[in-house]
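Worth knowing before you read on, the calculation uses all heavy atoms, side chains too, and leaves out hydrogens, waters and symmetry mates.
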Amino acid sequence: MDLRQMQYVVQLAKERNFSRAAEKLHIAQPSLSQQLSKLENELGVLLFSRTTNSVEPTHAGTVFIEKAAVILDAVEQLRQEMDDLAQMRKGRLIVGSLPITGAHVLPHVLPVFRARYPEIEVTLVEDTTSRLEQLTAGGQTDLSLLSLPLGDPSLTWEPLIEEEIILAVPPRHRLAGRTGGVEVAELSGEPFIVLKKGQGFRKITLDLCLEAGIEPRIVFESGNIETVQSLVAAGMGIAFVPQMVARAPGTPFSPVYLRLASAPTRTLVIASRSGRYLSKAARAFIETLRETAPGAAAPSPGKSGG
């Protein structure tokens, strides 16, 4: 077997379809089928079960795919290290990000990085917290922008931004006119709108309630913090939100934002797999993040926590 065949198998496992996999690999579909059959004959096992509608890995295929992914990642790390030793300026960087967090942080970072390193190609991967942790631990992203706490012990991280968590309530809510901080315990019995499972900020919400000794009455769940805010503004419930996503007054479907008495915060970090070789491109990106990301946490005019 060779690396090319490993790449074919891993791509086919991702796509579950010969035509799509061949297109991504830039080869003809018959060539892909031929190389897979050749590899299966060499190994003496069937890697995929084929039907007219699907292509699914067999047990042997699953084992092969997991090991092949590790090997391909190690080869890519070796290539990056050799490129760095040769002082090459070109490179490729895969950065994972939470969608809404990335929308607020990356516009501060990417233009500066592109101006400094125009020949480095940056690919963005947006997903949930749990999925990004898996991708980062598996080496499928070089770096990922996440929030603490991280659930995967194989990840290492450094802090970038610490921002306040605030309370969003409907404009006609009983607390909307409050000038002082709100105690989380006061929110007992209130209808909460939270993010879906797998989102890191959901855990922050539940932990804040747990620390205050209350059980949140969850009435809606969403995969998007912007949807959460719109539902709050529409009077459907209350929510905790990060300061950076607070909408300016006068924005359509804008909640009222209040500070919490305990002034809780969340910490955004840049994470990578512990022990993974960080290319010069990755280290340059981290340095650019250190310089520019804090600007995303500064409240815009009119964005007040109460």
**Q** So do Ile165 and Gln243 actually touch side chain to side chain, heavy atoms under 4.5 Å?
**A** no
**Q** Give a yes or no on this: more than 12 heavy atoms of other residues, nucleotides or ligands lie within 6.0 Å of atom CZ of Arg114.
**A**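 It does not: Arg114 CZ has 12 such atoms or fewer within range.
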**Q** Without hydrogens or angle criteria, can the side chains of Thr136 and Thr141 be said to hold a donor-acceptor pair below 3.5 Å?
**A**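 Result is yes, a qualifying pair exists.
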**Q** Cut-off 3.5 Å, side chains only: do Gln199 and Arg202 have a donor facing an acceptor?
**A** no
**Q** Spell out, yes or no, whether Met6 and Val75 are grouped together once hydrophobic residues are joined by side-chain heavy atoms under 4.5 Å, including indirect joins.
**A**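 Met6 and Val75: one cluster.
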**Q** Out of curiosity, Gln35 CD to Leu25 CG, how far, rounded to the nearest 0.5 Å?
**A**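 CG of Leu25 is found 11.0 Å from CD of Gln35.
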**Q** So Ile161 and Val105, do their side chains get closer than 4.5 Å, heavy atoms only?
**A** yes
**Q** Consider only side-chain heavy atoms of I, L, V, M, F, W and Y, link residues closer than 4.5 Å, and tell whether Phe253 and Phe240 are in one cluster.
**A** no
**Q** Start with the C-alpha distance between Glu183 and Arg259, add both sets of side-chain angles, then the distance that settles salt bridge (charged side-chain N to carboxylate O under 4.0 Å, His left out), and finish with yes or no.
**A** CA-CA 9 Å; Glu183 297 286 351; Arg259 295 194 68 187; over 6 Å; no
**Q** When rounded to the nearest 0.5 angstrom, what is the spacing between CG in Leu32 and CD1 in Ile27?
**A**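 Rounded to the nearest 0.5 Å, the CG-CD1 separation comes out at 4.5 Å.
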**Q** List the atom of Ala28, the atom of Ala22, and the distance in Å for their closest heavy-atom pair.
**A** C-CB, 4.1 Å
**Q** Between Glu66 (side chain) and Val63 (backbone), is there a donor-acceptor pair under 3.5 Å?
**A**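 Not a single qualifying donor-acceptor pair exists.
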**Q** Could you tell me whether a side-chain N or O of Tyr257 sits under 3.5 Å from a main-chain N or O of Arg247, the two making a donor and an acceptor?
**A**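 Answer holds: yes.
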**Q** Is any NZ, NE, NH1 or NH2 atom of the basic residue among Glu186 and Arg178 found under 4.0 Å from an Asp or Glu carboxylate oxygen of the other?
**A** yes
**Q** Report yes if the side chains of Val232 and Pro170 come closer than 4.5 Å at any heavy-atom pair, otherwise no.
**A**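 Yes, close enough: below the 4.5 Å cut-off.
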**Q** Hey, are Glu190 and Arg217 close enough for a salt bridge, meaning a charged N less than 4.0 Å from a carboxylate O?
**A** no
**Q** Is Lys280 paired with Glu119 through a side-chain N to carboxylate O contact shorter than 4.0 Å?
**A** no
**Q** Does Asp142 come within less than 4.0 Å of Arg92, counting only side-chain N to carboxylate O?
**A**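 A salt bridge is absent here (no side-chain N lies under 4.0 Å from a carboxylate O).
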**Q** Do any N or O atoms from the side chain of Thr265 and from the backbone of Glu164 form a donor-acceptor pair under 3.5 angstrom?
**A** no
**Q** Could you please spell out the steps behind the side chain to side chain contact (heavy atoms under 4.5 Å, CB included) verdict for Leu106 and Ser97?
**A** CA-CA 9 Å; Leu106 294 178; Ser97 176; 4.1 Å; yes
**Q** The test is side chain to side chain contact (heavy atoms under 4.5 Å, CB included); show your working for Leu135 and Ser144 and say whether it passes.
**A** CA-CA 9 Å; Leu135 293 173; Ser144 286; 5.9 Å; no
**Q** Salt-bridge test for Arg266 and Glu162: reply yes if a basic N is under 4.0 Å from a carboxylate O, no otherwise.
**A** no
**Q** Can you name the nearest heavy-atom pair linking Leu98 to Leu132, along with the distance?
**A**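 Shortest heavy-atom contact: N-CD1, 3.6 Å.
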**Q** If only side-chain N and O atoms count, and only distance matters, is there a donor-acceptor pair under 3.5 Å linking Ser230 with Thr227?
**A**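 No - no donor-acceptor pair under 3.5 Å links their side chains.
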**Q** Under the 3.5 angstrom rule, does the side chain of Thr292 hit a backbone N or O of Thr288 as a donor-acceptor pair?
**A**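 Between the backbone of Thr288 and the side chain of Thr292 there is a qualifying donor-acceptor contact (under 3.5 Å).
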**Q** Is there a path of hydrophobic side-chain contacts, each under 4.5 Å between heavy atoms of I/L/V/M/F/W/Y residues, joining Phe220 to Leu187?
**A** yes
**Q** To the nearest 0.5 Å, what is the distance between OG (Ser31) and NE2 (His26)?
**A**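 That separation rounds to 14.0 Å.
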**Q** Do NZ/NE/NH1/NH2 and the carboxylate oxygens of Lys197 and Glu221 come within less than 4.0 Å?
**A** no
**Q** Please examine the side chains of Lys14 and Arg20, heavy atoms only from C-beta on, and report whether any two atoms are closer than 4.5 Å.
**A**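 The answer is no; the side chains never approach within 4.5 Å.
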**Q** Within the side chain of Arg283, is there an N or O that forms a donor-acceptor pair under 3.5 Å with the backbone of Leu278?
**A** yes
**Q** Taking a hydrophobic cluster as the set of Ile, Leu, Val, Met, Phe, Trp and Tyr residues connected by side-chain heavy atoms closer than 4.5 Å, whether directly or through intermediates, do Leu146 and Leu110 fall within one such cluster?
**A**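 In one cluster with Leu146: Leu110, no.
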**Q** Counting only heavy atoms not in Arg172 (residues, nucleotides, ligands), do more than 12 fall under 6.0 Å from its CZ?
**A** no
**Q** Of the non-hydrogen atoms in Pro99 and Asp127, which two are nearest, and what is the gap between them?
**A** CD-O, 3.4 Å
**Q** Could you check whether any side-chain N or O of Thr251 sits under 3.5 Å from a backbone N or O of Ala248, counting only pairs where one atom can act as donor and the other as acceptor?
**A** yes
**Q** Do Gln11 and Glu15 pair up side chain to side chain, a donor and an acceptor below 3.5 Å, judged on atom types alone?
**A**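 Distance-only check passes for Gln11 and Glu15.
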**Q** Taking atom CD as the centre, does Glu215 end up with more than 12 heavy-atom neighbours from other residues, nucleotides or ligands that are less than 6.0 angstrom away?
**A**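 Incorrect, the count does not exceed 12.
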**Q** Tell me whether Gln29 at atom CD has more than 12 heavy atoms from other residues, nucleotides or ligands lying less than 6.0 Å away.
**A**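 More than 12 within 6.0 Å, yes.
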**Q** Taking the side chain as everything from C-beta on, heavy atoms only, tell me whether Val194 gets closer than 4.5 Å to Phe201.
**A** no
**Q** Could you measure the distance from the CD atom of Glu133 to the OG atom of Ser154? Nearest 0.5 Å is fine.
**A** 8.5 Å
**Q** Could you go step by step and tell me if Ile65 and Val9 meet the side chain to side chain contact (heavy atoms under 4.5 Å, CB included) rule?
**A** CA-CA 7 Å; Ile65 291 158; Val9 171; 3.7 Å; yes
**Q** Say you draw a straight line from NE2 of His104 to CE of Met244; how long is it, rounded to the nearest 0.5 Å?
**A** 7.5 Å
**Q** Shared ILVMFWY cluster between Leu206 and Leu148, side chains joined below 4.5 angstrom?
**A**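 Not linked; separate clusters.
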**Q** Could you tell me the separation between the OG atom of Ser147 and the CG atom of Leu268, rounded to the nearest 0.5 Å?
**A**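 Ser147 OG to Leu268 CG: 6.0 Å, rounded to 0.5 Å.
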**Q** Inspect the contact between Arg273 and Asp152 and indicate whether a charged nitrogen and a carboxylate oxygen are less than 4.0 angstrom apart.
**A**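 Looking at Arg273 together with Asp152, the answer is no, because their closest N to O distance does not fall below 4.0 Å.
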**Q** Applying ring-ring contact (aromatic ring centres under 6.0 Å, His included) to Tyr117 and Phe285, what does each step give before you reach the verdict?
**A** CA-CA 9 Å; Tyr117 309 99; Phe285 194 83; 9.6 Å; no
**Q** Tell me the closest heavy-atom pair linking Val10 and Ala69, and the distance in Å.
**A** CG2-N, 4.2 Å
**Q** For Phe48, does its backbone N or O pair with a side-chain atom of Arg50 as donor and acceptor, under 3.5 Å?
**A**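 Yes; at least one donor-acceptor contact below 3.5 Å.
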**Q** Where do His173 and Val256 land on the side chain to side chain contact (heavy atoms under 4.5 Å, CB included) test, with the steps shown first?
**A** CA-CA 9 Å; His173 192 272; Val256 171; over 6 Å; no
**Q** Taking Glu76 first and then Arg79, would you say they form a salt bridge - that is, a charged N and a carboxylate O separated by under 4.0 Å?
**A** yes
**Q** Evaluate whether atom CD of Glu291 has more than 12 neighbouring non-hydrogen atoms of other residues, nucleotides or ligands under 6.0 angstrom away.
**A**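 Correct, the count exceeds 12.
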**Q** Any non-hydrogen side-chain atom of Leu47 less than 4.5 Å from a side-chain atom of Leu36?
**A** yes
**Q** List the atom of Val228, the atom of Ser222, and the distance in Å for their closest heavy-atom pair.
**A** CG2-CB, 4.0 Å
**Q** Do Ser272 and Thr156 have side chains that get closer than 4.5 Å, going by heavy atoms?
**A**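 They are in side-chain contact.
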